[in-house]
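Data first, discussion second: the structure below is written as structure tokens.
Residue numbers count from 1 along this sequence. Note that these values count all heavy atoms, side chains included, but never hydrogens, waters or copies made by symmetry. The structure displayed is predicted, hence computed values, not measured ones.
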Amino acid sequence: MDSYLRSALRFDVSDSGPADGEPVVLLHGFPQQPSTWDDVATGLNAAGLRTLVPTMRGYTATNRPRPRRAYAIEETAADVVALLDAAGLDRAHLVGHDFGGMAAWGVAGWYPDRVATLTSVSTPHPAAFRDGLRAGQARASWYMALFQLPGLPEALARRTLMKSLVGSGLPVESADAYAAAMAEPGAWTGAFNWYRGLPFSTRPVGRIRVPTTYVWGRNDAALVRSTAEATAKYVTGPYRFVDLDAGHWLPETEAAALTTAILDRIRAAPASA
């Protein structure tokens, strides 16, 4: 396990696969861990790619700032750029699930020269999500308002959220692993701060010009189809929409299909993209 620093925060990073392989950065979401990507990373490594999987901001005691604004997309995207700098990489293929996808959109929008390709998993372009809030997306995202409250979400999570996650399709073994990691004091607050940082995320991501794939599970209760399909409006580079007959937890439940989508995007991108 390697690590890198940003603004006195230390981030752990799993670095695997051929050292000379094209680098792929895999970003986990809420309330996941780097192990989220184990099966996908294994497939990418077998294809000759190097994978770097950081523990995201807020998920360990060494990278858990307290202010809500410290979890704005501007900050979480900058964490990824700091990882590339620490690894000595000019750019990498970027893959993000859930809030990791939100950070990935930010990197692709604000630092396009650092991104060879983008694969966002479950998470639409931020502007597409905002568009969707005027329609059915607002009903599907009701919980995001609840998670803004101080203290209450943490109390509920300790008692009921893992059961809810399994009910939403997350495999029991993954839920158990995430619950164990979240038992650390302060861990739930660090995770919920990704939601609480959204009001401080004020910089528009803009249209994406890097080659992009968006992978969506049509049974994802948190993201409606109209929002998912609207993402295409905000990508000007080569774009592919992959619609899977699956739910939200695609890295854990659809690793083979997701690995294929990532590899297809990487192989289709011109070397100079």
Side-chain angles (χ1 to χ4, degrees), residues 1-65 70-108 110-111 113-121 123 174 177-178 180-182 184 186-187 190-191 193-194 197 210 250-252 255 258-259 262-263 266:
M1 182 74 68
D2 296 323
S3 65
Y4 71 102
L5 295 173
R6 178 172 181 261
S7 301
L9 304 178
R10 190 181 80 242
F11 296 80
D12 294 330
V13 184
S14 174
D15 186 347
S16 62
D20 61 349
E22 289 188 61
V24 184
V25 176
L26 302 167
L27 308 174
H28 71 78
F30 173 93
Q32 298 162 309
Q33 292 289 313
S35 60
T36 295
W37 294 108
D38 283 355
D39 291 340
V40 172
T42 296
L44 297 177
N45 295 159
L49 299 170
R50 176 188 178 190
T51 55
L52 296 95
V53 189
T55 302
M56 301 297 281
R57 176 177 289 238
Y59 283 84
T60 64
T62 63
N63 68 4
R64 191 176 294 144
Y71 295 80
I73 301 172
E74 292 89 332
E75 296 294 336
T76 60
D79 290 342
V80 181
V81 175
L83 168 59
L84 298 180
D85 290 343
L89 299 172
D90 291 334
R91 63 179 188 159
H93 303 284
L94 194 55
V95 181
H97 176 247
D98 190 77
F99 268 113
M102 192 72 74
W105 285 111
V107 178
W110 300 323
Y111 310 96
D113 293 343
R114 308 302 298 270
V115 181
T117 67
L118 168 66
T119 301
S120 183
V121 185
T123 305
S174 296
Y178 302 161
M182 300 305 289
E184 174 187 313
N193 277 348
W194 283 72
V210 304
L250 300 180
E252 297 91 345
L258 183 50
T259 301
I262 296 167
L263 289 173
I266 291 172

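Nearest heavy atoms, Arg6 versus Phe11: CB-CE1, 4.2 Å. Of all non-hydrogen atoms in Ala191 and Met182, the two that sit nearest each other are CB-CE, 3.5 Å.
The side-chain heavy atoms of Trp110 and Glu74, taken from C-beta on, include a pair separated by under 4.5 Å. At a threshold of 4.5 Å between non-hydrogen side-chain atoms, the residues Glu22 and Val24 do not count as touching. Considering only heavy atoms from C-beta on, Tyr178 stays 4.5 Å or farther from His28 through its side chain. Taking 4.5 Å as the limit, every side-chain heavy atom of Phe99 sits out of range of all side-chain heavy atoms of Thr76. No side-chain heavy atom of Asp2 sits under 4.5 Å from any side-chain heavy atom of Leu52. Two residues are said to be in side-chain contact when any heavy atoms from C-beta on lie closer than 4.5 Å; Arg50 and Asp15 meet this criterion. Using a 4.5 Å heavy-atom threshold, the side chains of Leu27 and Pro54 count as touching.
Counting only distance, with no hydrogens or angles, the side chain of Thr119 and the backbone of Ile262 share no donor-acceptor pair below 3.5 Å.
Using the six-membered ring where Trp is involved, Tyr59 and Trp194 have ring planes that are tilted, between 30° and 60° apart.
Side-chain atoms of Asp38 and Ser35 form no donor-acceptor pair, as typed in the model, at a separation below 3.5 Å.
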